[in-house]
Structure formats: C-alpha cells, structure tokens
S.K.: 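Following this message is one structure expressed as structure tokens.
Residue numbers start at 1 and run along the sequence shown. Read the numbers this way: they start at 1 and go in the same order the structure lists the ligands and their atoms.
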Amino acid sequence: VKAELVITRSDVDELLRRLLAEGCRLVAPVRSGTRVVFEEVASVDEIEHHKLNTTLPPKELLFPRTEPVLDFALVAGQLELEGAAPEIRETVLFAVRPCDAAGLEHLATVFSDEPRDQFFVDRWKRTVVIYTACTEPGPGCFCTAVGLGPTSEKGGDLLLVELDADRFLARPVSDKGRELVERHDDLFTGDDSVSFASVAGELETRVKRTESLMGAGPQLCESFADEIWKRVGLACLGCGICAYTCPSCHCFDLVEIGTPERGERLKVWDCCAFGSFTVHASGHNPRADQAARYRQRVLHKLGYFPKRFGASMCVGCGRCVVHCPVGQDIYEVAHTVLRSVQPPAAEPGG
Ligand code: SF4
Ligand code: SF4
C-alpha cells in the first residue's frame, strides 16, 4: 500500500507562515460582514476556516473586475500608447474549493488561447493553489454532475483533505504542488493506514444533485430553436449576478475613459445576460430578448465550451443557483430542456 502524505493543522499554518516569510502574497478566505471572501492576509490568524463555499469565487485575483490595459494620449497630433504593466507577485491561494480551482483552470484555458491575455497568464504562472476537499456541499451544488467532485484535481496544486480535527491528507497534484511539498518535506509524514480512495468516495456521497450533464452538450445545442427556451428563460431579469458570482464566467468589455486627447483603456467584466452585451452599433441586437440571452448562458456553459475545450465550463459550484434573485437554476433548467427534447422512452414490450 502506498503511504499517503499527512500534515497536521498546525503544520499547515507553519507552511503558510513560511510562504509569507518568503515574500509570497497569501490570499485566503476572510470574513467580511456576513460574507466570506478571498483577500490578501498578512497572518494565518486572519483566515476564516469556513466549510461552505465563499460568497464570491477567487477569480478576480487573477482576472480583476476592472483592469487598466493601456494609456493613450494625443501629442502633437500623434497617438501615443503605453501598455499597462501590473505588478504580479508570487501568490499562494489557500483554501479554495475544488470547483473554484476547476473554474480557474477554465479561465486559464481561455486566456492562454489566442489572443492570449498575458496579464492573466503571468498571474496564473505565479500562483500556487492549495485547495481543500469539499466536506459540506451547499444546497445548489452539483459538481459530480459536470465531471468534477469534492476531491477533483483540476486547477489545483496541493489538495488537502480533512481527516479529523488535527490532520489533513495532502496530495500534490501538479508540478508546482510537488515542488512545494519537496521544499517543505519536514512538515509531511507518510501514513499507510489512510486511504485516499475511501475518503474521496465518502465525500462524493455528500453531493446530492447528481443527475449527470456529461455528454449533454450536443443535445442541448440541438435544442437551440426549441420553444422550451422561451419558457425556461422567461423569468431571467438580466441582472448579471450569475456571471459575477460564477468562478468560470470570463466575458469582458474594453472601454475607454478620459477625453479624446488623453485617457485609459480598461478591461471590465461583462455578462451575456445584459441587454447591451450583443447590441450592434446599428441598434440591432441578435439576442433580442432575455430568453435568448439566458439560453446563451446555459448553452455556452454546457454546450459550446465542452465542444471546443472538452469539459463543462460550469463547475457545479451552485452560486448562481443560490444567488439568482428569481431562482433560475442552471442544473434544473438543463435537465428540463433535455427532458423536453428527448423522445419519451418506449414502453417495455411496446
Ligand atoms: S439568471 Fe438570474 S442571476 Fe442570472 S441574469 Fe438572470 S435573473 Fe440575474
Ligand atoms: S454556472 Fe452557476 S453553478 Fe455553474 S459554475 Fe457558474 S455559478 Fe457555479
């Protein structure tokens, strides 16, 4: 039996203290009023050891809501451009959940593709994700239905799985994770009485919304013109909360502020549920109603992205389900559409 690595809770704190002492930026969940959010901390004592998902995912640490891209100025009739040069520090992202780690990997997939987003790529290269297995799925969660799970490896570097009040099983799942463990190997011990497979299997049983959406992409895409989309999208208000709370939504707009003589170009988050998202300069909008915009959100997550990149863009974190003011539930909607467009099963013997 291969011994699993184990680390005590106090040695996890010691690992984080060492990383802080090395000059790393440490980003972890902290309490902010009634919410738990990811923020830079100066000490391990500031970390909120929460069980449930944070209100917002950690994506804005790598993909800020608003980010300067360049400065422009008209000097003696000539346009001068100067690209932004953000400070990018070695960062340790701690206590991310596996769904959010997978969301970061989806962002990395998109922003590493051409045209590449160099700011994101540089940040991602300098980020180590120490993430924790999910022990308490929330009411909206459905990670296993989209090919992930409470201990999935996508997007993470070092996985910690809580074994009891004092100990975590530690699994490096990337080169960055292996390098981290090797550099601090005095904090980890081998234990052959611990079985990752059995702990992971038990955690998986805690996820309750498990009806699979894997492989559903083609059928969902084929349903594009089906009337069902008018019904399931009717309630959507176009508020954008789903995209702003989603760990994998990555649409942005480029806007200029300032005067025609001098100003700044900014990259700002955008959302396909907004009425202005696809509006043309002529005033024509190819997604003329909210139902068409809502359909786009679901089909991009579960149809178009899997077709292009081979995985569901939705990681099943459940945030949009919990936070949508009118209760739009992407998991329920996708299954409703699938059921509606699937021919009913033939009666046995019929
Ligand atoms: S689905 Fe819900 S959260 Fe998303 S834009 Fe529509 S109303 Fe807002
Ligand atoms: S679409 Fe909803 S459930 Fe899926 S990853 Fe985004 S916020 Fe989470």
S.K.: Taking the six-membered ring for Trp, are Trp269 and Phe63 closer than 6.0 Å centroid to centroid?
M.R.: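 Between Phe63 and Trp269, which both carry aromatic rings, the centre distance is below 6.0 Å.
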
S.K.: Quick one: nearest non-hydrogen protein atom to atom 1 (S) of ligand 2, plus distance?
M.R.: Arg297 NH2, 3.2 Å

S.K.: Below 2.8 Å, can you find an N, O or S atom of Cys236 next to atom 6 (Fe) of ligand 1?
M.R.: yes

S.K.: Under the side chain to side chain donor-acceptor pair (under 3.5 Å) rule, what do Thr127 and Arg25 come out as? Steps first, then yes or no, please.
M.R.: CA-CA 9 Å; Thr127 301; Arg25 177 172 75 136; 5.9 Å; no

S.K.: Could you check atom 7 (S) of ligand 1 against the protein and tell me its nearest heavy-atom contact, residue, atom and distance included?
M.R.: Leu237 N, 3.2 Å

S.K.: For Glu22, is the CD atom crowded, meaning more than 12 foreign heavy atoms sit under 6.0 Å from it?
M.R.: yes

S.K.: What atoms in ligand 1 come closer than 4.0 Å to a heavy atom of Gly238?
M.R.: 5 (S), 6 (Fe)

S.K.: Give a yes/no answer: is there an N/O/S atom of Cys317 under 2.8 Å from atom 8 (Fe) of ligand 2?
M.R.: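 Coordinating: yes.
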
S.K.: Any atoms of ligand 2 less than 4.0 Å from a non-hydrogen atom of Phe142? List them with their elements.
M.R.: 3 (S)

S.K.: Tell me the protein heavy atom at minimum distance from atom 8 (Fe) of ligand 1, and give that distance in Å.
M.R.: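 For this ligand atom, the closest protein heavy atom is Cys239 SG, 2.2 Å.
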
S.K.: Tell me which protein heavy atom sits closest to atom 5 (S) of ligand 2, plus the residue, atom name and distance to 0.1 Å.
M.R.: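 Of the protein heavy atoms, Val315 N, 3.3 Å lies nearest.
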
S.K.: Within less than 4.0 angstrom of ligand 2, does Tyr331 place any heavy atom?
M.R.: no

S.K.: Is it the case that more than 12 heavy atoms not belonging to Arg262 sit under 6.0 Å from its CZ atom?
M.R.: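 No.
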
S.K.: Quick one: do Arg293 and Gln296 satisfy side chain to side chain donor-acceptor pair (under 3.5 Å)? Show the steps, please.
M.R.: CA-CA 5 Å; Arg293 294 169 205 136; Gln296 165 63 21; over 6 Å; no

S.K.: Provide the number and element of each atom of ligand 1 under 4.0 Å from a heavy atom of Ala273.
M.R.: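 Those of ligand 1 that fall under 4.0 Å from Ala273 are 5 (S).
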
S.K.: Of the non-hydrogen atoms in Pro98 and Cys134, which two are nearest, and what is the gap between them?
M.R.: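 Looking at all heavy atoms of both residues, the shortest contact is CD-N, 4.0 Å.
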
S.K.: Can you name the atoms of ligand 2, numbered from 1 with element, that are less than 4.0 Å from a heavy atom of Gly318?
M.R.: 3 (S), 8 (Fe)

S.K.: Write out the residue and atom name of the closest protein heavy atom to atom 2 (Fe) of ligand 1, then the distance separating them to 0.1 Å.
M.R.: Cys324 SG, 2.3 Å

S.K.: For ligand 2, which atoms, with element, lie under 4.0 Å from some heavy atom of Cys314?
M.R.: 1 (S), 3 (S), 4 (Fe), 5 (S)

S.K.: What protein heavy atom lies closest to atom 4 (Fe) of ligand 1? Include the residue and the distance to one decimal.
M.R.: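 Sorting protein heavy atoms by distance from atom 4 (Fe) of ligand 1 puts Cys242 SG, 2.3 Å first.
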
S.K.: Does Cys320 bring an N, O or S atom to under 2.8 Å of atom 2 (Fe) of ligand 2?
M.R.: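 Here the distance criterion (N, O or S atom, under 2.8 Å) is met by Cys320, so yes.
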
S.K.: Any heavy atom of Met313 sitting closer than 4.0 Å to ligand 2?
M.R.: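 No, Met313 has no heavy atom closer than 4.0 Å to ligand 2.
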
S.K.: For Val326, counting its heavy atoms only, list the atoms of ligand 1 lying under 4.0 Å from any of them.
M.R.: 7 (S)

S.K.: Does Lys154 make a cation-pi contact with Phe309 (under 6.0 Å, within 45 degrees of the axis)?
M.R.: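 No, Lys154 and Phe309 do not form such a contact.
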
S.K.: What heavy-atom pair brings Phe72 and Thr259 nearest, and what distance separates the two atoms?
M.R.: CE1-O, 3.5 Å

S.K.: Looking only at heavy atoms, what is the nearest atom pair of Cys246 and Lys59, with distance?
M.R.: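 Closest heavy-atom pair between Cys246 and Lys59: O-NZ, 2.7 Å.
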
S.K.: Could you find the nearest protein heavy atom to atom 6 (Fe) of ligand 2 and give me its residue, atom name and distance?
M.R.: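 I find the closest protein heavy atom is Cys246 SG, 2.4 Å.
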
S.K.: Is there a side-chain contact between Ile47 and Leu16 (heavy atoms, below 4.5 Å)?
M.R.: yes

S.K.: Please assess Asp166 against Thr8 for the test side chain to side chain donor-acceptor pair (under 3.5 Å), listing each intermediate value before the final yes or no.
M.R.: CA-CA 6 Å; Asp166 295 325; Thr8 63; over 6 Å; no

